[in-house]
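Worksheet: the structure to be examined is printed underneath.
Below, all heavy atoms of this structure are taken into account, side chains as well, without hydrogens, waters or symmetry copies. We count ligands from 1, going down the list as the structure has it; atoms in each ligand are counted the same way.
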Amino acid sequence: MSARFDAPTLIGVKRDGGRLPDEAIDWLIAAYTDGRIADAQMAALLMAIYLRGMDAAETARWTAAMTDSGRRLDFRDLRRGGAPLPTVDKHSTGGVGDKITLPLVAVIAACGAAVPQASGRGLGHTGGTLDKLESIAGFDPRLSPARIAAQLRDVGAAIFAAGDLAPADAKLYALRDITGTVASLPLIASSVMSKKLAEGAGALVLDVKVGTGAFMTDPGRAAQLARTMVGLGRAHDVPVTALLTDMNTPLGRTAGNALEVAEVLEVLAGGGPPDVVELTVRLAAEMLALAGIDGRDPAQTLADGTAMDRFRAMIAAQGGDPEAPLPVAAHRETVTATRDGVMGPIDAMAVGLAVWRLGAGRSGPGQPVQHGAGIVIHRRPGEPVAAGEPVFSLYTDTPDRYPAAMAELDGGWSVGDTAPELRPLIIDRIVEP
Ligand code: URA
């Protein structure tokens with residue numbers, strides 16, 4: 001097959017607005033995964049796709065080729081106590097302060113379903129679940145398929161590095177992150193769905209973010225992304241429900257790895273910021289409906305400590321120490337209000353970029369992240385604030401990062417005379433392609 005295709009010709013086809021034939025897509029994904037296409041060539045093709053798009057059939061074939069690039073897990077025979085154990089997962093398209101996966105998997109486990117979740121690292125200005133979990137001492141995201149299955153039976157949740165699931169996505173994801181080609185509808189849809197189809201969950205709930213801190217800023221485009229992913233799931237017999245949720249404002253009061261884990265522990269202890277609790281409970285309800293579990297109240301598992309028990313059990317099963325203190329950055333700077341008033345909107349992108357500048361994310365492939373770096377938001381939009389009071393605390397191990405982080409945050413918030421109009425967190429629910 002390889003003699004039929006070459007990268008320069010296919011890059012030219014897409015650059016000039018043409019369609020990639022099915023077999024050419026299969027060849028491109030296979031050849032890139034095993035190193036026969038150079039990063040420079042794939043980067044050019046990704047930019048052509050970013051600018052020209054892919055139609056529904058191209059996107060479906062690209063997704064299938066990525067899913068087929070590695071191993072596929074299958075939990076259809078999973079049982080607990082002799083009864084079938086339903087599996088269901090959720091995936092977010094990426095946001096700022098988006099720590100929802102952590103309480104959510106624990107809630108679902110406490111309600112009697114199981115969550116096999118292949119997770120990623122930070123992408124651009126957005127945080128990654130694995131980076132957050134690795135701020136817990138000892139936590140290991142590398143699990144074999146047998147260990148995943150055992151952990152799903154024993155604990156009800158496993159969060160693991162994709163490893164040999166959809167390895168094409170791992171390579172493409174890293175390349176997109178450093179070539180300005182993340183925010184492409186077919187590339188996001190195929191990236192998310194190839195991983196999720198390969199991980200083998202029986203059903204999927206998608207949290208499609210829309211707003212300044214999301215990869216999709218336009219609600220119409222976000223809805224189109226959601227419909228595309230629902231359709232890709234349907235084509236592979238995986239039921240998918242998508243919620244469109246607001247990402248103009250960071251979620252909760254923290255952004256940055258260990259800071260977010262600390263906030264998750266508050267949520268699991270029955271407290272925490274209302275928006276984090278609301279989104280967790282709402283996504284949990286959708287997941288339980290798809291898993292066929294009736295009569296369980298997700299909010300109750302946060303109030304009665306059963307979700308906290310599942311979270312601690314998952315951390316311990318993956319080598320983490322739930323008792324270990326979380327890392328704290330060596331330096332803290334505080335931003336204070338210069339006047340009395342009401343906190344106005346806080347731009348999620350400004351916070352995401354500032355957190356990234358503080359060292360919580362990467363600027364090159366494979367770089368380590370600072371687990372203690374990030375931002376605490378002391379005043380959320382609509383909360384009263386007095387002159388001189390702290391509005392944000394910025395944490396980092398490397399204080400020479402402060403000027404760049406402060407510059408990102410500047411202009412991303414304000415204090416006004418009246419409360420800003422607060423947007424609904426849940427914008428839409430999409431179940432049809
Ligand atoms: N999440 C993913 O898994 N892939 C993307 O491209 C964006 C968000």
Side-chain angles (χ1 to χ4, degrees), residues 29 32 42-43 45-47 49-50 53-54 59-60 62-63 65-67 69-70 89-101 104-105 115-133 141 159-163 165-201 204-218 221-230 232-233 238 240 242-245 247 251 283 348-349 352 356 361-362 365:
I29 296 293
Y32 182 59
M42 187 50 89
L45 180 64
L46 291 174
M47 187 55 83
I49 292 172
Y50 181 96
M54 288 201 283
T59 307
W62 185 275
T63 307
M66 284 170 70
T67 307
S69 68
D89 190 17
K90 103 59 167 98
H91 191 85
S92 155
T93 56
V96 178
D98 183 2
K99 68 274 297 174
I100 303 296
T101 283
L104 183 60
V105 301
V115 188
Q117 179 161 125
S119 272
R121 301 190 181 276
L123 190 62
H125 65 284
T126 67
T129 299
L130 296 186
D131 293 330
K132 296 175 215 248
L133 280 169
I159 299 180
F160 46 93
L165 305 181
D169 179 55
K171 280 190 87 172
L172 288 169
Y173 194 90
L175 191 60
R176 288 164 59 216
D177 193 21
I178 55 170
T179 55
T181 51
V182 171
S184 148
L185 193 154
L187 295 180
I188 296 177
S190 56
S191 163
V192 169
M193 292 308 293
S194 62
K195 272 192 293 280
K196 297 289 123 177
L197 294 170
E199 84 182 6
L204 182 63
V205 173
L206 296 169
D207 181 2
V208 178
K209 300 291 188 196
V210 52
T212 61
F215 293 122
M216 294 284 151
T217 50
D218 170 55
R221 294 260 302 152
Q224 199 189 339
L225 171 63
R227 284 193 298 271
T228 301
M229 295 193 288
V230 169
L232 289 169
V238 177
V240 181
L243 295 185
L244 248 57
T245 72
M247 188 31 73
L251 271 168
L283 288 165
M349 180 57 104
W356 173 70
R362 296 176 182 77

Option whose closest heavy atom lies nearest to atom 4 (N) of ligand 1, chosen from S92, S119, S191: S191
With heavy atoms of [X] as the reference, note each atom of ligand 1 found under 4.0 Å away.
X	value
I188	6 (O), 7 (C)
V192	1 (N), 2 (C), 3 (O), 4 (N)
H91	1 (N), 2 (C), 3 (O)
R176	5 (C), 6 (O)

Min side-chain heavy-atom separation M47-T179 under 4.5 Å: no
Residue, atom name and distance, where the atom is the protein heavy atom closest to atom 3 (O) of ligand 1: K195 NZ, 2.6 Å
Atom 8 (C) of ligand 1: the protein heavy-atom neighbour that sits closest, reported with distance to 0.1 Å: T93 O, 3.3 Å
Nearest-0.5 Å distance, CE of residue M193 to CG of residue D169: 12.0 Å
Minimal non-hydrogen separation, A348 against G213, with atom names: CB-CA, 3.7 Å
Ionic contact status for D89 with K196, cut-off 4.0 Å: yes
Note: R362-D131 ion pair, threshold 4.0 Å (strictly below): yes
S92: partners by side chain to side chain donor-acceptor pair (under 3.5 Å), with sequence neighbours left out: D98
